[in-house]
Amino acid sequence: MTDKINRTIFSAMETLLEENFYASAYSLSGYKESACCLEKDHAGWNVYTGERNNQYDLKHYGNLTEAFFDMLNRLCVSSEEEEKIKDAFFEKIVRVA
């Protein structure tokens with residue numbers, strides 16, 4: 001059940017990031033230079049800024065939704081933009097459920 005939920009969340013994240021940000025600004029598959037990065041580990045999800053082969057401002061999350069919201073906070077230029085994308089995220093998740 002959790003895998004299916006994570007796949008749904010990941011798919012919604014991927015779509016919303018593609019629609020709202022340049023691909024160079026983020027990575028959903030680990031380290032990327034000068035980008036906001038998401039990386040899965042054995043205990044959950046890491047979000048960080050990749051720069052000069054380092055992971056800056058690293059935060060660990062137990063669930064994917066919290067990790068995505070951290071990415072939005074880092075990528076959005078305004079709180080209005082962040083809220084708009086969060087609303088779209090919840091709409092996509094509810095539609096699938």
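Since we're looking at a predicted model, the values are computed, not measured. Start at 1 with the first residue, then count along the sequence.
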Taking only residues two or more places apart in sequence, or in another chain, which ones meet Glu82 in a salt bridge (charged side-chain N to carboxylate O under 4.0 Å, His left out)? Lys86
To which residues is Val77 joined in a hydrophobic cluster, defined by side-chain heavy-atom contacts under 4.5 Å among Ile, Leu, Val, Met, Phe, Trp and Tyr, whether direct or through other members? none
Side chain to side chain donor-acceptor pair (under 3.5 Å) partners for Tyr56, two or more places apart: Asn54
Specify the closest pair of heavy atoms between Val47 and Ala67, including all atoms of both residues, with the distance to one decimal. CG2-O, 3.5 Å
Taken to the nearest 0.5 Å, the spacing of Phe69 CZ from Leu64 CG works out to 10.0 Å
Listing request: all salt bridge (Lys or Arg N to Asp or Glu O under 4.0 Å) pairs with a residue in residues 54-72, at least two apart in sequence or in separate chains. Asp70-Arg74
Go through the structure and list residues passing ring-ring contact (aromatic ring centres under 6.0 Å, His included) with Phe21, not counting sequence neighbours. none
Within this structure, what is the CE-CG distance for the pair Met13 and Asn6, rounded to the nearest 0.5 Å? 9.5 Å
What are the two closest non-hydrogen atoms of Ser29 and Ser27, and how far apart are they? N-OG, 3.2 Å
What I'd like to find out is whether the side chain of Asn20 reaches to under 4.5 Å of the side chain of Leu75, using heavy atoms alone. no
Any sub-3.5 Å donor-acceptor pair from Thr15's side-chain atoms to Ser11's backbone N or O? yes
Interatomic distance, Leu58 atom CG to Thr49 atom OG1 [nearest 0.5 angstrom]: 10.0 Å
Only pairs under 3.5 Å count here: list side-chain donor-acceptor contacts from residues 32-45, not counting sequence neighbours, and write none if there are none.
residue : atom : partner : partner atom : Å
Lys32   : NZ   : Ala23   : O            : 2.6
Lys32   : NZ   : Tyr26   : O            : 3.3
Glu33   : OE1  : Tyr31   : OH           : 2.3
Glu33   : OE1  : Arg52   : N            : 3.1
Glu33   : OE2  : Arg52   : N            : 2.8
Glu39   : OE1  : Tyr48   : OH           : 2.7
Asp41   : OD1  : Ala43   : N            : 2.8
Asp41   : OD1  : Gly44   : N            : 2.9
Asp41   : OD2  : Asn46   : ND2          : 3.1

Should Phe89 and Leu72 count as side-chain neighbours, where that means a heavy-atom distance under 4.5 Å? no
So how far is it from Ile9 CD1 to Lys92 NZ, rounded to the nearest 0.5 Å? 14.0 Å
